2 protein chains.
Amino acid sequence: MGVNIKDIAKAAGVSTATVSRVISGKPGVGEETKKKIKQIIEEMGYRPNLGARGLAKRRTGNIGIVSPRQSNIVLGNPFFISILEGVSHVLDQHDYNMVLSFTLSQQKRLLETHSVDGILLFAARIGDPVLEWLDASKLPTVVIGSYQDENAYPSVRPDDEGGIYQAVKYLIAKGHTRICFVNGPLSSIKSIRCRNGYLKAMEEEKLEVTSEQIIEVPEYDVLVSLKTMNRLFKEGKFQSTAVVCASDYLALGVMKAAISNGIAIPNDLSLIGFGDVPFAELSHPSITTMHTDLKKIGSQAAQMLINEIKGKKIRKRNRVFPMELVERQSVCALKQ
Amino acid sequence: MGVNIKDIAKAAGVSTATVSRVISGKPGVGEETKKKIKQIIEEMGYRPNLGARGLAKRRTGNIGIVSPRQSNIVLGNPFFISILEGVSHVLDQHDYNMVLSFTLSQQKRLLETHSVDGILLFAARIGDPVLEWLDASKLPTVVIGSYQDENAYPSVRPDDEGGIYQAVKYLIAKGHTRICFVNGPLSSIKSIRCRNGYLKAMEEEKLEVTSEQIIEVPEYDVLVSLKTMNRLFKEGKFQSTAVVCASDYLALGVMKAAISNGIAIPNDLSLIGFGDVPFAELSHPSITTMHTDLKKIGSQAAQMLINEIKGKKIRKRNRVFPMELVERQSVCALKQ
DNA sequence: CTGAAAGCGCTTACAG
DNA sequence: CTGAAAGCGCTTACAG
């Protein structure tokens with residue numbers, strides 16, 4: 001099992017307490033002794049056992065990332081990846097490890113076995129079993145993305161409502177009036193917020209919203225979106241000249257379905273995505289979309305969690321990041 | 001800190017040893033006692049402390065996933081995501097947590113602090129500093145993907161060489177002779193293997209390979225591929241009628257560059273990708289590509305690692321998964 | 001400035 | 001079938 005603190009103490013002719021002090025940079029050790037111990041640590045290749053340290057200090061040094069969604073949907077989503085990058089950067093500076101959980105049983109274990117010091121909760125939906133375990137665990141938690149109850153945990157999220165609102169307004173400014181909205185499932189609070197943004201913009205402009213104009217796709221996934229839209233286009237009842245989507249992936253599905261049904265984008269149909277993932281720029285045509293600083297959302301959330309763990313007061317519990325429109329090729333002004 | 005094993009022991013009027021036996025399902029506890037203890041555990045909501053258990057059993061219950069590449073490149077890559085899904089599934093069954101490391105310092109900590117019981121190494125390149133730490137850590141390790149030394153660690157990987165070989169042969173069967181190859185950097189062993197497959201197929205058919213026909217892109221990334229190809233197309237010296245790529249992402253970059261330079265795919269240029277990530281099917285045109293069972297690669301690697309940790313003999317240390325061609329829309333027969 | 005000792009929460013020979 | 005005790009590798013009052 002390698003060399004431990006006792007070995008070092010013995011070799012240096014001091015107590016383990018002194019060695020421990022040197023390792024953790026605590027004051028109160030003579031320069032001479034410190035130097036000697038450091039040298040011996042180097043020579044013997046000593047590496048602290050984080051588990052043991054954790055036991056003694058009653059912390060684990062791990063942060064759990066939990067998302068109730070299927071791993072492929074979350075991890076395969078550049079949206080989350082970018083956020084994770086930000087998270088990773090901050091945890092790094094504070095010497096935390098990231099423990100990911102993709103399955104229900106992993107999440108349960110994570111939350112019930114004192115394996116982590118705090119939780120970053122992603123993409124939760126109403127009714128997710130994880131929420132109950134989380135609650136019972138009493139673990140410091142920060143939510144990333146929209147959540148049912150802003151008061152339950154501190155949170156960081158993009159301004160979903162404002163983002164969609166802006167997108168709709170932009171299309172209206174381009175002359176569109178028959179604008180439909182492709183949304184994710186309403187079990188996601190994000191979807192509800194996005195929906196509100198859409199309705200608000202339409203109402204403000206006194207544009208009628210028929211039930212066909214809100215298309216709810218059961219999952220934030222390209223393929224699901226593709227299938228749903230394919231059916232719609234084939235039925236021939238699709239009347240809109242523009243569509244706003246609650247995610248870039250949804251938009252990509254719409255685009256693919258449109259193309260294979262002979263609907264040209266943007267000439268026959270204008271399209272706006274949401275999130276600005278790398279693919280939005282790479283598709284053909286490139287997708288006009290709503291952008292926000294995902295990495296920063298991640299790093300702020302991580303920072304808040306660390307403060308929470310340290311028992312520091314959090315100034316602003318719920319942070320909302322503004323979104324801005326990125327103009328690309330998928331929108332054009334409506335021709336009369 | 002919640003209720004611990006002592007509390008349970010006291011409440012049940014037994015020793016902690018007995019409680020421990022019940023928890024870990026060890027034999028040698030009376031039915032009555034066992035029942036009683038189980039009930040009390042339930043009532044008091046006891047959850048074992050994995051850290052403490054780990055200290056006592058000299059294991060951590062964690063598996064580290066390390067990839068020397070930048071997080072966005074690895075994690076943003078559906079190729080790895082699919083593999084991770086397979087990994088996740090197996091680790092789950094064996095009650096292991098997954099600890100991810102995205103940055104150098106995280107990896108160093110992971111490898112030097114007894115934080116994990118084993119390592120799954122992804123996408124290593126020659127000269128990566130991680131390799132040295134890994135080596136020094138003496139941790140059980142399984143490599144996923146091509147690696148410099150097949151004997152160093154057990155490994156699981158797709159048949160890179162055979163895959164590219166098949167792709168080239170397929171194009172030749174379609175009448176192409178001027179076939180170029182877009183590869184990743186040669187610091188990656190995967191790239192070297194892919195290159196060999198290309199050369200082998202071309203040589204077998206006695207087709208000349210000029211130096212311009214092998215295009216080495218410095219990173220397995222869409223944008224980098226896009227830029228490189230854009231430059232090439234603009235120079236106007238591009239002579240091939242078909243291109244094989246060492247990854248779907250590379251292929252996507254080629255496609256995007258071709259389209260924006262007025263080169264139609266597949267009519268002007270046939271294109272084959274590698275890996276069959278979800279986007280290969282969703283692009284327009286959809287990409288003909290080499291497919292393999294990525295999830296299975298992940299689950300096999302995880303299983304091998306667990307066997308390694310348990311000290312079981314591994315029957316076959318280096319496993320190679322065959323690849324097969326998936327015909328889509330990005331290739332057409334050469335018109336004379 | 002330094003050490004002896006207790007403790008973190010669990011497991012596991014050993015003894016009975 | 002069960003318990004007392006030692007131990008996993010560290011930290012931290014406490015005392016000097």
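Residue numbers begin at 1 in each chain, while the letters A, B, ... track the order of the sequences. Keep in mind that what you see is a predicted model, and the values were worked out from it rather than measured.
- Listed by first then second residue, pairs satisfying salt bridge (Lys or Arg N to Asp or Glu O under 4.0 Å) with a partner in residues 301-310 of chain B number zero, not counting sequence neighbours.
- Cation-pi contact between A:Lys190 and A:Tyr147: absent, since separation from the ring centre below 6.0 Å together with deviation from the ring axis within 45° is not met.
- Of all non-hydrogen atoms in A:Leu305 and A:Pro140, the two that sit nearest each other are CD1-O, 3.5 Å.
- Straight-line distance from the CZ atom of A:Arg59 to the C1' atom of D:dC10: 13 Å, rounded to whole Å.
- Of the candidate nucleotides D:dC10, D:dC8, C:dC10, D:dC8 has the atom lying nearest to any side-chain atom of B:Leu55.
- Here OG of B:Ser82 is found 8.5 Å from NZ of B:Lys295. Values are rounded to the nearest 0.5 Å.
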Atom pairs, protein N/O to nucleotides 14-16 of chain C N/O, distance under 3.5 Å:
none

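- The CG atom of A:Leu50 lies 4.5 Å from the OG1 atom of B:Thr113; values are rounded to the nearest 0.5 Å.
- With C1' as the reference atom, C:dG16 and C:dT12 are 16 Å apart, rounded to whole Å.
- Listed by residue number, A:Lys26 are the residues of residues 24-42 of chain A with a heavy-atom contact under 4.0 Å to DNA chain D.
- Whole-Å rounding puts the A:His114 NE2 to C:dG9 P distance at 9 Å.
- Distances from the side chain of B:Ala52 to the nucleotides C:dT12, D:dG9, C:dC10 place C:dC10 closest.
- Not one side-chain nitrogen or oxygen of B:Arg58 sits closer than 4.0 Å to the OP1 or OP2 atom of D:dC8.
- Atom CZ of B:Arg53 and atom C1' of C:dC8 are 16 Å apart (whole Å).
- For B:Asn4, a side-chain nitrogen or oxygen approaches OP1 or OP2 of C:dG9 to under 4.0 Å.
- Side-chain contact between B:Arg125 and B:Pro185 is present, with at least one heavy-atom pair separated by less than 4.5 Å.
- Residues A:Ser20 and A:Lys6 both approach DNA chain D. Their nearest nucleotides, taken by heavy-atom distance, put A:Lys6 toward the 5′ side.
- The stretch residues 23-39 of chain B participates, sequence neighbours left out, in these side-chain hydrogen bond (donor to acceptor under 3.5 Å, both in side chains) pairs: B:Gln39-B:Glu43.
- One finds no side-chain N or O of A:Thr18 lying less than 4.0 angstrom from the OP1 or OP2 phosphate oxygen of C:dT2.
- A heavy-atom distance below 4.5 Å is found between the side chains of A:Ile297 and A:Pro158.
- The cationic group of A:Arg59 lies under 6.0 Å from the six-membered ring centre of A:Tyr96 and within 45° of the ring axis, placing it in a cation-pi geometry.
- Nearest to the side chain of A:Ser15, among C:dC10, D:dC10, C:dA4, sits C:dA4.
- Nearest nucleotide to the side chain of B:Ala56, out of C:dA5, D:dC8, D:dC10: D:dC8.
- For B:Tyr46, taking side-chain heavy atoms from C-beta onward, the closest of the listed nucleotides C:dC10, D:dT11, D:dG9 is C:dC10.
- Pairs passing the salt bridge (Lys or Arg N to Asp or Glu O under 4.0 Å) check and including a residue from residues 128-147 of chain A, sequence neighbours excluded, read A:Arg69-A:Asp128.
- C:dC10 atom C1' lies 10 Å from atom CG of B:Leu50, rounded to whole Å.
- Spacing between atom NZ of B:Lys57 and atom C1' of D:dG9 amounts to 18 Å, rounded to whole angstrom units.
- If you measure from atom CD1 of A:Ile5 to atom C1' of D:dG7, you get 16 Å, rounded to the nearest angstrom.
- Taking side-chain N and O atoms only, B:Thr16 has no distance below 4.0 Å to OP1 or OP2 of C:dC10.
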How does DNA chain C look in dot-bracket notation if pairs are Watson-Crick or G-U with both distances under 3.5 Å, crossing ones as [ ], other-strand ones as |? |||.||||||||.|||
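- Separation of atoms CD (A:Gln303) and CZ (A:Arg319) is listed at 9.5 Å; rounding is to 0.5 Å.
- Considering only heavy atoms from C-beta on, B:Leu121 stays 4.5 Å or farther from B:Ile144 through its side chain.
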